[in-house]
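Quantities reported herein were computed from a predicted structural model and do not represent experimental measurements. Only heavy atoms go into these numbers, but all of them, side chains included; no hydrogens, no water, no symmetry mates.
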Amino acid sequence: MQGLEQAAELAWRNFLLSHNRVKVTLDLDTAHPLLVLSQDKSSVRWETKWQQVPSVLERFDTSCCVLGREEFREGRHCWEVKVEGEKGKYSSLAVGVARASVKRKGEINMSPEEGIWAVQYNEGQIMSLTSPPTPLSLFPVPTRIWVCLDCTQWQVSFISADNRVEIFTFTAVSLKGESVRPWFWLGTNAQLCLRDSTL
């Protein structure tokens with residue numbers, strides 16, 4: 001069994017090495033008013049107090065989402081997200097990618113049909129945001145995730161950075177000629193941090 005685990009880890013290490021590791025920063029202009037970004041735009045947390053922010057077209061006004069500033073249209077890229085805060089992995093939050101034109105106003109259906117490909121933590125469980133969402137049997141639930149975007153194969157993979165186990169892969173991702181951006185959703189008391197990926 002140990003040999004199989006080592007082989008799987010080596011396979012995912014090689015997979016990650018084929019991707020360009022990027023530093024992702026959060027786009028303040030898109031952040032829902034209940035989300036507070038750190039000064040260096042590398043972390044975000046949910047707050048009970050509504051922030052005084054300009055009302056702009058880019059901003060999510062109902063769903064507690066924020067986008068990364070980076071846009072990708074070609075190549076292979078990955079970045080690491082760490083779940084933080086007092087509740088840690090028991091927070092409710094989601095990480096993934098979204099089309100640059102993803103809906104910003106009103107309630108959002110977090111699914112590929114809406115142009116969002118993501119996985120969600122929900123009180124100690126993890127699920128892929130397919131239609132309908134698919135519960136995933138993963139133990140332990142990872143607290144660090146690599147989000148891997150492959151614009152050549154049209155797929156988005158999520159890998160546990162804790163033990164290099166595949167969480168889920170979306171295939172046949174339909175970008176409709178658009179660029180995509182890192183996407184995050186935070187529930188009550190959630191907090192996450194973007195880290196420089198290390199293998």
Exercise. Report the residues that fulfil salt bridge (charged side-chain N to carboxylate O under 4.0 Å, His left out) with E47, sequence neighbours left out, ordered by chain and then residue number.
Key: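 If we apply the salt bridge (charged side-chain N to carboxylate O under 4.0 Å, His left out) test to E47, skipping adjacent residues, the hits are R45.
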Quiz prompt | Residues that D61 engages under salt bridge (charged side-chain N to carboxylate O under 4.0 Å, His left out), provided they are two or more places apart | solution = none
Which heavy atom of [X] sits nearest to which heavy atom of [Y], and what is that distance?
{"X": "L186", "Y": "A190", "value": "CD2-O, 3.5 Å"}
{"X": "E80", "Y": "A161", "value": "CD-CB, 4.2 Å"}
{"X": "L129", "Y": "A94", "value": "CD1-CB, 4.1 Å"}

What pairs with [X] under side-chain contact (heavy atoms from CB on, under 4.5 Å), at least two apart in sequence or on another chain?
{"X": "S55", "result": "none"}
{"X": "T30", "result": "D27, E58, F60, V66, L67, R104, R181"}
{"X": "P54", "result": "V56, R59"}

Self-check item: Derivation and outcome, side chain to side chain contact (heavy atoms under 4.5 Å, CB included), residues L28 and L26
Solution: CA-CA 6 Å; L28 181 62; L26 300 167; over 6 Å; no
[X] side chain to [Y] backbone, donor-acceptor under 3.5 Å:
{"X": "S63", "Y": "C65", "value": "no"}
{"X": "Q191", "Y": "V83", "value": "no"}
{"X": "E114", "Y": "I108", "value": "no"}
{"X": "N122", "Y": "Q125", "value": "no"}
{"X": "Q51", "Y": "K49", "value": "yes"}
{"X": "R76", "Y": "R21", "value": "no"}

Hey, what do you get for [atom1] ([X]) to [atom2] ([Y]), rounding to the nearest 0.5 Å?
{"X": "S179", "Y": "E74", "atom1": "OG", "atom2": "CD", "value": "11.0 Å"}
{"X": "D150", "Y": "C78", "atom1": "CG", "atom2": "SG", "value": "11.0 Å"}
{"X": "E84", "Y": "L192", "atom1": "CD", "atom2": "CG", "value": "8.0 Å"}

Is any side-chain heavy atom of [X] closer than 4.5 Å to a side-chain heavy atom of [Y]?
{"X": "R195", "Y": "W146", "value": "no"}
{"X": "I159", "Y": "I167", "value": "no"}
{"X": "E70", "Y": "T25", "value": "yes"}
{"X": "L149", "Y": "C151", "value": "yes"}
{"X": "V141", "Y": "T143", "value": "no"}

Report yes or no: do [X] and [Y] belong to one cluster of Ile/Leu/Val/Met/Phe/Trp/Tyr joined by side chain heavy-atom distances under 4.5 Å?
{"X": "I145", "Y": "F168", "result": "yes"}
{"X": "V147", "Y": "I126", "result": "yes"}
{"X": "V156", "Y": "V24", "result": "yes"}
{"X": "V173", "Y": "F158", "result": "yes"}
{"X": "L34", "Y": "V44", "result": "yes"}

Exercise. Test Y121 against V95 for side chain to side chain contact (heavy atoms under 4.5 Å, CB included), laying out the working first.
Key: CA-CA 9 Å; Y121 287 87; V95 302; 5.6 Å; no
Quiz item: Does a donor on one side chain and an acceptor on the other come within less than 3.5 Å for E166 and S157?
Solution: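 On atom types as modelled, these side chains do not qualify, holding no pair under 3.5 Å.
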Quiz prompt | ring-ring contact (aromatic ring centres under 6.0 Å, His included) involving F72 - partner list, sequence neighbours excluded | solution =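 So F72 forms a ring-ring contact (aromatic ring centres under 6.0 Å, His included) with H77, W79.
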Exercise. If a pair satisfies ring pair (Phe, Tyr, Trp, His ring centres under 6.0 Å) and one of its residues is in residues 31-53, list it, with sequence neighbours excluded.
Key: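 Every ring pair (Phe, Tyr, Trp, His ring centres under 6.0 Å) pair that includes a residue of residues 31-53, provided the two are not neighbours, is H32-W50.
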Practice problem: Output every pair passing ring pair (Phe, Tyr, Trp, His ring centres under 6.0 Å) with a member in residues 174-195, not counting sequence neighbours, ordered by first then second residue. | Solution: none
Counterpart residues, side-chain hydrogen bond (donor to acceptor under 3.5 Å, both in side chains), relative to [X] (two or more places apart):
{"X": "T62", "result": "none"}
{"X": "S131", "result": "E113"}
{"X": "N109", "result": "S111"}
{"X": "S174", "result": "none"}

Exercise. Test side chain to side chain contact (heavy atoms under 4.5 Å, CB included) on L175 and W154 and set out the steps.
Key: CA-CA 8 Å; L175 302 182; W154 309 109; 3.3 Å; yes
Exercise. Apply the test side chain to side chain contact (heavy atoms under 4.5 Å, CB included) to residues Q120 and S92: give CA-CA distance (whole Å), side-chain angles for both, the deciding distance (0.1 Å), then the verdict.
Key: CA-CA 7 Å; Q120 180 180 359; S92 184; 3.8 Å; yes
Quiz item: Taking I116 as the fixed residue, which of V102, V180, V97 is the one that meets the side chain to side chain contact (heavy atoms under 4.5 Å, CB included) rule?
Solution: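 Running side chain to side chain contact (heavy atoms under 4.5 Å, CB included) over V102, V180, V97 with I116 returns exactly one hit, V102.
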